[in-house]
Protein chains: 2
Amino acid sequence: MTIEEAIKSSIPLKPHTRTTLNIMYSSRLVEEKIAELLKPYKVSMQQYNVLRILRGQKGIPANLSTIQERMINKMSNTTRLVDKLIEKKLADRTICESNRRKVEIIITPKGLELLLEIDPLMAKCNEDILKLFSLQELNTLNNLLDKLK
Amino acid sequence: MTIEEAIKSSIPLKPHTRTTLNIMYSSRLVEEKIAELLKPYKVSMQQYNVLRILRGQKGIPANLSTIQERMINKMSNTTRLVDKLIEKKLADRTICESNRRKVEIIITPKGLELLLEIDPLMAKCNEDILKLFSLQELNTLNNLLDKLK
DNA sequence: TAACAATATTTGTTATGACAATTGAAGAAG
DNA sequence: CTTCTTCAATTGTCATAACAAATATTGTTA
């Protein structure tokens, strides 16, 4: 299906407009699928994203600015996002002793367990979304998208 | 720049995961640029999107469900989105006489003027975002993204 | 034609997001 | 050593999003 069909555009789009719309539209499709997968686990996509960043730290505590720069959605109030994870006992926060302006955030065993449970489903979800793509096509797509950055 | 570099991922990503992350990340980049462009005009991306849909109707009133199915972000409360446009006198809403459950939404002259003002800037913005791409690359990217739908 | 189902939109509620202002701590300069 | 600046995170406020429930109108059928 073309993007024009998807958004039922009567007029043909210019190539550049077509592409930016297509990127945004495709992203929505991906997000929808992922949000649906995460829903039963009561974590939002952003919360899940932060949990993965924390796991990626391999035990080293992360501070807020580290988390922010690694997020897919750079957002302003990461504090409250982390608050939610702490409420759910998926993460923990302490004040950094060497620099009391910073905080140290770590993932809890419960958080790690949750990620382990979701991991295979998320892998399958990503494969499902892209099931029509050959590895070579994935490569091409990735390389093209990388040109945006 | 690769997506791994962008999100500072220490571990290499699986091809499918890499691609879905890349699509979402790229979409954020595009959205950021567009939001920035629209900011001085005090309309959100979604509001702008709806205005363009209304213009595309070429005078024929649109009802809410039509707007919804044509939006990039299918969303639940289009009512309140349209409310905002009406507050700003960019759109008008009347009840459909032949089926009083429906509403008829049209863009006002002020709304059309606003779009005309934004049009060239938006075209330039899209071109800027994709300035490193040849027409052929845009085509390839579009065709690949179309496979998602 | 009264009762029920379907359609189209609206409203209420709660959670997130954007953005600015504020707080508290650390570092620098006189 | 006290003032100023910078840094890191938090908080307040308002706008938007998600989701469910409610309302109003029309269509259907027994």
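We name chains A, B, ... by the order of the sequence lines, and we start the count at 1 in each one.
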Flag for A:Gln47-A:Lys42: side-chain donor and acceptor within less than 3.5 Å = no
To the nearest Å, give me how far apart CD (A:Glu104) and C1' (D:dA9) are.
-> 14 Å
Short side-chain N/O contact to C:dT7 OP1/OP2 from B:Lys102, under 4.0 Å = no
Heavy atom of residues 68-80 of chain A under 4.0 Å from DNA chain C: which residues?
-> A:Met75, A:Ser76, A:Asn77, A:Arg80
Does a donor on one side chain and an acceptor on the other come within less than 3.5 Å for A:Thr79 and A:Asn77?
-> no
Tell whether B:Arg101 reaches the base of C:dT9 with its side chain through a donor-acceptor pair below 3.5 angstrom.
-> no
salt_bridge(A:Lys147, B:Glu137) N-O dist < 4.0 Å | yes
Donor-acceptor pair, A:Thr78 side chain versus A:Gln68 backbone, under 3.5 Å?
-> no
Please answer: with hydrophobic residues joined when any side-chain heavy atoms are less than 4.5 Å apart, are B:Leu132 and B:Leu135 in the same cluster?
-> yes
According to the salt bridge (Lys or Arg N to Asp or Glu O under 4.0 Å) rule, which pairs have a member within residues 25-34 of chain A, sequence neighbours left out?
-> A:Arg28-A:Glu31, A:Arg28-B:Glu31, A:Glu31-B:Arg28
Donor-acceptor side-chain pairing of B:Asn142 and A:Thr19 below 3.5 angstrom = yes
A:Asp83 CG to C:dT14 P, in whole Å, measures 19 Å
When the nearest nucleotide of DNA chain C is assigned to A:Leu81 and to A:Glu97 on a heavy-atom basis, which residue is associated with the more 5' position?
-> A:Leu81
Please state whether the phosphate of D:dT10, meaning OP1 or OP2, lies under 4.0 angstrom from any side-chain nitrogen or oxygen of A:Arg93.
-> yes
Does B:Lys84 have a side-chain nitrogen or oxygen under 4.0 Å from the phosphate oxygens OP1 or OP2 of D:dA15?
-> no
In residues 31-67 of chain B, which residues come under 4.0 Å of DNA chain C by heavy atom?
-> B:Lys39, B:Asn63, B:Leu64, B:Ser65
Does the distance from a Lys or Arg side-chain N to an Asp or Glu carboxylate O, for A:Lys14 and B:Glu127, drop under 4.0 Å?
-> no
Is any side-chain N of the basic residue among B:Arg55 and B:Asp119 closer than 4.0 Å to the acidic one's carboxylate O?
-> yes
Quick one: A:Asn99 CG to C:dG27 P, roughly how many Å, whole number?
-> 6 Å
